[in-house]
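Encoded as C-alpha coordinates, the structure appears first; notes follow it.
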Amino acid sequence: MTGGQKRPKYRRIADALRAQIDAGEYGPGDRLPGENPLAAEHGVAAMTARQALNALKNEGLVEARKGAGFYVRSFKPIRRRSIARLSREHWGSGATIFSADDTRELTVEASLLGEVTAPEPIARVLDLGEEASAFARTRRFIVEDRPVLLSTSYMPYDLVAGTPVAEVETGPGGTYARLADLGHAPVHFREEVRVRAPAAEDAVGLRLPADTPVIKIVRTAYEATGRAIEVNEMTLDSLAYVLEYDFDA
(Lines give C-alpha, C1' and ligand atoms only; values in the text may rest on other atoms or scores of the structure.)
Protein backbone atom coordinates (compact mmCIF):
# COMPACT_ATOMS: atom_id res chain seq x y z
CA MET A 1 0.00 0.00 0.00
CA THR A 2 1.38 3.38 -0.95
CA GLY A 3 -1.36 5.98 -0.59
CA GLY A 4 -2.03 7.46 2.85
CA GLN A 5 -5.78 6.77 2.45
CA LYS A 6 -5.05 3.05 2.11
CA ARG A 7 -3.48 2.89 5.54
CA PRO A 8 -5.67 1.26 8.19
CA LYS A 9 -7.95 3.72 9.95
CA TYR A 10 -6.23 3.28 13.30
CA ARG A 11 -2.88 4.09 11.65
CA ARG A 12 -4.27 7.31 10.19
CA ILE A 13 -5.55 8.33 13.64
CA ALA A 14 -2.17 7.48 15.18
CA ASP A 15 -0.43 9.54 12.46
CA ALA A 16 -2.64 12.53 13.26
CA LEU A 17 -1.96 12.27 16.99
CA ARG A 18 1.77 11.85 16.38
CA ALA A 19 1.80 14.99 14.25
CA GLN A 20 0.07 16.89 17.06
CA ILE A 21 2.64 15.64 19.56
CA ASP A 22 5.50 16.59 17.24
CA ALA A 23 3.96 20.05 16.78
CA GLY A 24 3.76 20.55 20.54
CA GLU A 25 -0.02 20.58 20.70
CA TYR A 26 0.35 17.83 23.27
CA GLY A 27 3.42 18.22 25.45
CA PRO A 28 5.18 15.85 27.86
CA GLY A 29 2.75 14.68 30.52
CA ASP A 30 -0.36 15.86 28.65
CA ARG A 31 -3.36 13.57 28.46
CA LEU A 32 -4.49 12.54 24.97
CA PRO A 33 -8.17 12.39 24.01
CA GLY A 34 -9.81 9.16 25.13
CA GLU A 35 -10.98 6.45 22.78
CA ASN A 36 -14.60 7.63 22.75
CA PRO A 37 -13.83 11.27 21.81
CA LEU A 38 -11.35 10.03 19.19
CA ALA A 39 -13.90 7.57 17.81
CA ALA A 40 -16.49 10.33 17.50
CA GLU A 41 -14.00 12.76 15.91
CA HIS A 42 -12.85 10.28 13.27
CA GLY A 43 -16.08 8.38 12.75
CA VAL A 44 -14.72 5.01 13.80
CA ALA A 45 -15.45 2.39 16.44
CA ALA A 46 -14.01 2.87 19.92
CA MET A 47 -11.89 -0.26 19.39
CA THR A 48 -10.24 1.37 16.37
CA ALA A 49 -9.43 4.47 18.40
CA ARG A 50 -7.93 2.27 21.12
CA GLN A 51 -5.77 0.56 18.49
CA ALA A 52 -4.43 3.98 17.51
CA LEU A 53 -3.57 4.85 21.11
CA ASN A 54 -1.92 1.48 21.64
CA ALA A 55 0.11 1.96 18.44
CA LEU A 56 1.57 5.16 19.90
CA LYS A 57 2.19 3.35 23.18
CA ASN A 58 4.12 0.63 21.35
CA GLU A 59 6.22 3.33 19.66
CA GLY A 60 7.10 4.71 23.08
CA LEU A 61 5.47 8.09 22.47
CA VAL A 62 2.74 7.67 25.07
CA GLU A 63 2.13 5.68 28.21
CA ALA A 64 -1.08 4.18 29.53
CA ARG A 65 -2.05 4.95 33.12
CA LYS A 66 -4.50 2.48 34.57
CA GLY A 67 -7.94 4.03 34.79
CA ALA A 68 -6.65 7.44 33.67
CA GLY A 69 -6.06 7.15 29.92
CA PHE A 70 -3.05 7.76 27.68
CA TYR A 71 -0.43 10.45 28.33
CA VAL A 72 2.49 11.79 26.31
CA ARG A 73 5.65 10.30 27.80
CA SER A 74 7.51 12.78 29.95
CA PHE A 75 10.85 10.94 29.74
CA LYS A 76 13.11 12.59 27.18
CA PRO A 77 14.91 9.88 25.17
CA ILE A 78 18.67 9.59 25.57
CA ARG A 79 20.52 10.30 22.34
CA ARG A 80 23.30 7.73 22.22
CA ARG A 81 25.95 9.51 20.13
CA SER A 82 27.62 6.32 19.08
CA ILE A 83 30.74 7.82 17.50
CA ALA A 84 31.48 10.94 19.55
CA ARG A 85 31.09 9.09 22.87
CA LEU A 86 33.98 6.72 22.08
CA SER A 87 36.51 9.29 20.87
CA ARG A 88 39.78 9.43 22.81
CA GLU A 89 39.34 13.18 22.96
CA HIS A 90 36.20 12.61 25.04
CA TRP A 91 37.16 9.92 27.57
CA GLY A 92 40.80 11.03 27.52
CA SER A 93 39.68 14.35 29.00
CA GLY A 94 38.30 12.53 32.03
CA ALA A 95 34.66 12.68 30.92
CA THR A 96 32.39 9.69 31.23
CA ILE A 97 31.21 8.06 28.02
CA PHE A 98 27.58 8.59 29.03
CA SER A 99 28.10 12.35 29.34
CA ALA A 100 28.39 12.53 25.54
CA ASP A 101 24.83 11.22 25.33
CA ASP A 102 22.95 13.09 28.04
CA THR A 103 23.51 15.74 30.70
CA ARG A 104 20.97 14.46 33.23
CA GLU A 105 22.12 13.05 36.56
CA LEU A 106 23.14 9.43 36.16
CA THR A 107 23.10 6.74 38.84
CA VAL A 108 25.30 3.71 38.20
CA GLU A 109 24.90 0.52 40.17
CA ALA A 110 28.17 -1.35 39.66
CA SER A 111 29.17 -4.83 40.75
CA LEU A 112 32.47 -6.63 40.29
CA LEU A 113 32.12 -10.23 39.16
CA GLY A 114 35.89 -10.54 39.36
CA GLU A 115 37.63 -13.51 37.76
CA VAL A 116 35.21 -15.51 35.61
CA THR A 117 35.14 -18.01 32.80
CA ALA A 118 33.97 -15.94 29.86
CA PRO A 119 31.20 -17.23 27.58
CA GLU A 120 32.74 -19.04 24.64
CA PRO A 121 32.02 -16.35 21.99
CA ILE A 122 33.60 -13.67 24.21
CA ALA A 123 36.58 -15.85 25.12
CA ARG A 124 37.16 -16.38 21.39
CA VAL A 125 37.09 -12.64 20.63
CA LEU A 126 39.43 -11.88 23.54
CA ASP A 127 41.66 -14.76 22.38
CA LEU A 128 41.69 -16.34 25.83
CA GLY A 129 43.43 -19.68 26.06
CA GLU A 130 41.74 -22.73 27.56
CA GLU A 131 43.09 -21.92 31.01
CA ALA A 132 42.77 -18.13 30.80
CA SER A 133 40.10 -16.22 32.70
CA ALA A 134 38.33 -12.95 32.13
CA PHE A 135 37.66 -10.09 34.50
CA ALA A 136 34.00 -9.03 34.46
CA ARG A 137 32.02 -6.09 35.77
CA THR A 138 28.27 -5.41 35.58
CA ARG A 139 26.57 -2.04 35.65
CA ARG A 140 23.00 -0.78 35.68
CA PHE A 141 22.45 2.81 34.51
CA ILE A 142 19.52 4.77 35.92
CA VAL A 143 18.20 8.15 34.73
CA GLU A 144 15.31 9.91 36.46
CA ASP A 145 14.69 6.77 38.54
CA ARG A 146 14.33 4.76 35.33
CA PRO A 147 16.74 1.90 34.53
CA VAL A 148 17.84 2.46 30.94
CA LEU A 149 20.88 0.25 30.38
CA LEU A 150 22.39 -3.01 31.62
CA SER A 151 26.04 -3.69 30.88
CA THR A 152 28.50 -6.53 31.40
CA SER A 153 32.12 -5.86 30.48
CA TYR A 154 34.76 -8.58 29.97
CA MET A 155 38.53 -8.05 29.77
CA PRO A 156 41.50 -10.44 29.86
CA TYR A 157 42.12 -11.12 33.54
CA ASP A 158 45.90 -11.09 33.24
CA LEU A 159 45.71 -7.64 31.64
CA VAL A 160 43.78 -5.85 34.38
CA ALA A 161 44.02 -7.87 37.61
CA GLY A 162 45.39 -5.76 40.46
CA THR A 163 45.13 -2.52 38.49
CA PRO A 164 42.71 0.44 38.81
CA VAL A 165 40.75 -1.04 35.89
CA ALA A 166 39.58 -3.78 38.25
CA GLU A 167 38.22 -1.37 40.86
CA VAL A 168 34.51 -0.64 41.24
CA GLU A 169 35.20 3.05 40.59
CA THR A 170 37.73 3.41 37.80
CA GLY A 171 38.10 7.19 38.09
CA PRO A 172 38.00 10.03 35.52
CA GLY A 173 37.57 8.78 31.97
CA GLY A 174 36.53 5.34 33.14
CA THR A 175 37.83 1.99 31.95
CA TYR A 176 39.34 3.24 28.70
CA ALA A 177 41.35 5.98 30.40
CA ARG A 178 42.72 3.43 32.88
CA LEU A 179 43.60 1.03 30.07
CA ALA A 180 45.44 3.91 28.40
CA ASP A 181 47.36 4.47 31.66
CA LEU A 182 48.49 0.84 31.42
CA GLY A 183 49.72 1.33 27.85
CA HIS A 184 46.73 -0.46 26.31
CA ALA A 185 44.63 2.43 25.03
CA PRO A 186 41.75 1.41 22.77
CA VAL A 187 42.24 2.79 19.26
CA HIS A 188 39.41 1.05 17.42
CA PHE A 189 35.88 -0.05 18.32
CA ARG A 190 33.38 -2.37 16.70
CA GLU A 191 29.70 -2.49 17.67
CA GLU A 192 27.01 -4.98 16.68
CA VAL A 193 23.38 -3.91 17.17
CA ARG A 194 20.31 -6.15 17.38
CA VAL A 195 16.73 -5.72 18.58
CA ARG A 196 14.85 -8.52 20.29
CA ALA A 197 12.31 -9.35 22.99
CA PRO A 198 13.80 -9.02 26.48
CA ALA A 199 15.07 -12.05 28.33
CA ALA A 200 13.57 -12.51 31.80
CA GLU A 201 16.58 -10.92 33.49
CA ASP A 202 16.45 -7.96 31.08
CA ALA A 203 12.79 -7.30 31.86
CA VAL A 204 13.50 -7.40 35.60
CA GLY A 205 16.65 -5.28 35.45
CA LEU A 206 15.09 -2.63 33.20
CA ARG A 207 11.62 -2.87 34.76
CA LEU A 208 10.06 -3.52 31.36
CA PRO A 209 6.90 -5.31 30.23
CA ALA A 210 7.70 -8.58 28.46
CA ASP A 211 6.48 -7.16 25.12
CA THR A 212 8.79 -4.13 25.10
CA PRO A 213 11.77 -4.73 22.78
CA VAL A 214 15.33 -4.16 23.94
CA ILE A 215 18.37 -3.08 21.96
CA LYS A 216 21.35 -5.41 22.32
CA ILE A 217 24.74 -3.85 21.58
CA VAL A 218 28.02 -5.76 21.75
CA ARG A 219 31.06 -3.50 21.64
CA THR A 220 34.61 -4.75 21.19
CA ALA A 221 37.57 -2.46 21.93
CA TYR A 222 40.96 -3.05 20.25
CA GLU A 223 44.40 -1.72 21.12
CA ALA A 224 47.00 -0.62 18.57
CA THR A 225 48.36 -4.16 18.11
CA GLY A 226 44.92 -5.31 16.97
CA ARG A 227 44.32 -7.26 20.16
CA ALA A 228 40.78 -7.18 21.56
CA ILE A 229 41.01 -5.85 25.12
CA GLU A 230 37.34 -5.56 26.06
CA VAL A 231 33.96 -6.96 25.07
CA ASN A 232 30.98 -5.11 26.52
CA GLU A 233 27.50 -6.62 26.24
CA MET A 234 24.80 -3.96 26.68
CA THR A 235 21.01 -4.15 26.88
CA LEU A 236 19.13 -0.88 26.31
CA ASP A 237 15.51 -0.01 26.93
CA SER A 238 14.45 0.66 23.33
CA LEU A 239 11.89 3.25 24.45
CA ALA A 240 14.52 5.24 26.35
CA TYR A 241 17.10 5.60 23.56
CA VAL A 242 17.69 7.13 20.16
CA LEU A 243 20.82 5.75 18.45
CA GLU A 244 22.57 8.61 16.64
CA TYR A 245 25.37 8.16 14.07
CA ASP A 246 27.03 11.36 12.85
CA PHE A 247 30.00 11.02 10.50
CA ASP A 248 31.53 12.54 7.40
CA ALA A 249 31.07 11.06 3.93
Side-chain angles (χ1 to χ4, degrees), residues 78-103 106-143 148-194 205 215-236 241 243-247:
I78 299 162
R79 301 195 70 86
R80 186 180 189 272
R81 295 176 168 85
S82 302
I83 295 176
R85 69 200 309 271
L86 293 175
S87 70
R88 182 161 186 169
E89 180 182 359
H90 183 71
W91 51 260
S93 70
T96 65
I97 289 179
F98 185 86
S99 67
D101 304 334
D102 202 280
T103 58
L106 173 69
T107 299
V108 180
E109 297 175 349
S111 176
L112 296 182
L113 301 182
E115 185 176 5
V116 301
T117 300
E120 192 277 331
I122 292 173
R124 185 171 63 250
V125 171
L126 292 176
D127 196 22
L128 301 179
E130 292 185 4
E131 303 299 322
S133 300
F135 169 82
R137 172 192 289 110
T138 65
R139 291 189 176 104
R140 183 167 79 149
F141 294 74
I142 301 171
V143 176
V148 296
L149 167 67
L150 307 175
S151 166
T152 303
S153 172
Y154 298 89
M155 290 168 278
Y157 185 78
D158 60 1
L159 182 72
V160 302
T163 75
V165 178
E167 300 293 331
V168 175
E169 296 293 338
T170 51
T175 295
Y176 296 145
R178 299 294 77 74
L179 285 169
D181 293 342
L182 297 175
H184 298 282
V187 299
H188 180 74
F189 296 95
R190 179 174 184 266
E191 288 192 341
E192 298 179 352
V193 182
R194 294 178 294 145
I215 302 170
K216 307 289 287 192
I217 300 178
V218 179
R219 180 174 68 236
T220 305
Y222 300 87
E223 63 177 338
T225 63
R227 178 189 182 186
I229 53 177
E230 185 214 29
V231 175
N232 195 336
E233 293 189 319
M234 291 163 278
T235 304
L236 288 66
Y241 272 91
L243 305 187
E244 178 181 299
Y245 297 86
D246 183 8
F247 48 88

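Count residues from 1 along the sequence.
Put simply, the side chain of Arg178 gets close to the backbone of Pro172: a donor and an acceptor are under 3.5 Å apart. Of the possible polar contacts, none joining the His90 side chain to the Gly173 backbone as a donor-acceptor pair under 3.5 Å is found. Between the side chain of Arg80 and the backbone N or O of Leu243 there is no donor-acceptor pair closer than 3.5 Å. In this structure, the side chain of Asp101 does not engage the main chain of Ile78 through any donor-acceptor pair within 3.5 Å. At distances below 3.5 Å, not a single donor-acceptor pair connects side-chain atoms of Trp91 with backbone N or O atoms of Thr96.
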Using the side chain to side chain contact (heavy atoms under 4.5 Å, CB included) rule, take Ile142 and Glu109 through it: C-alpha gap first, then chi angles, then the decisive distance, then the call. CA-CA 8 Å; Ile142 301 171; Glu109 297 175 349; 3.5 Å; yes
Worked check of side chain to side chain contact (heavy atoms under 4.5 Å, CB included) between Leu149 and Met234: CA-CA 7 Å; Leu149 167 67; Met234 291 163 278; 3.7 Å; yes
Do Tyr176 and Ile97 pass the side chain to side chain contact (heavy atoms under 4.5 Å, CB included) test, and can you show the C-alpha distance, the side-chain angles, and the key distance before you say yes or no? CA-CA 9 Å; Tyr176 296 145; Ile97 289 179; 3.5 Å; yes
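Screening residues 127-138 for side chain to side chain donor-acceptor pair (under 3.5 Å), with sequence neighbours left out, gives Glu115-Ser133. The stretch residues 153-166 participates, sequence neighbours left out, in these side chain to side chain donor-acceptor pair (under 3.5 Å) pairs: Ser153-Glu230.
Between atom CZ of residue Arg81 and atom CD of residue Glu244 there is a gap of 5.0 Å, rounded to the nearest 0.5 Å. Leu236 CG to Leu150 CG: the interatomic distance, rounded to the nearest 0.5 Å, is 8.5 Å. In this structure, CD1 on Ile83 lies 8.0 Å from OH on Tyr245, to the nearest 0.5 angstrom.
Under the 4.5 Å side-chain criterion, counting only non-hydrogen atoms from C-beta, Leu179 is in contact with Val165. Proximity of Arg124 to Ile122: side-chain heavy atoms (C-beta onward) are nowhere separated by under 4.5 Å. Val148 places a side-chain heavy atom less than 4.5 Å from the side chain of Tyr241. Inter-residue side-chain proximity for Pro156 and Arg227 is flagged as met; some heavy-atom pair is nearer than 4.5 Å. Counting heavy atoms from C-beta on, the side chains of Leu159 and Ile229 come closer than 4.5 Å. A heavy-atom distance below 4.5 Å is not found between the side chains of Thr220 and Leu126. Using a 4.5 Å heavy-atom cutoff, the side chains of Arg194 and Ile215 are not in contact.
Considering all non-hydrogen atoms of both residues, Leu128 and Ala134 come closest at CD1-CB, 4.0 Å. Closest non-hydrogen pair, Arg88 versus Ala180, comes out as NH2-CB, 3.9 Å.
Between Ser151 and Asn232, the side chains place a donor N or O and an acceptor N or O closer than 3.5 Å (distance only, hydrogens not considered).
Between Arg190 and Glu192 there is a salt bridge, since at least one side-chain N of the basic residue sits less than 4.0 Å from a carboxylate O of the acidic one.
Relative ring orientation between His188 and Tyr222 is described as tilted, the plane-to-plane angle lying within the 30° to 60° band.
Atom CD of Glu169 has 12 or fewer heavy atoms from other residues, nucleotides or ligands within 6.0 Å.
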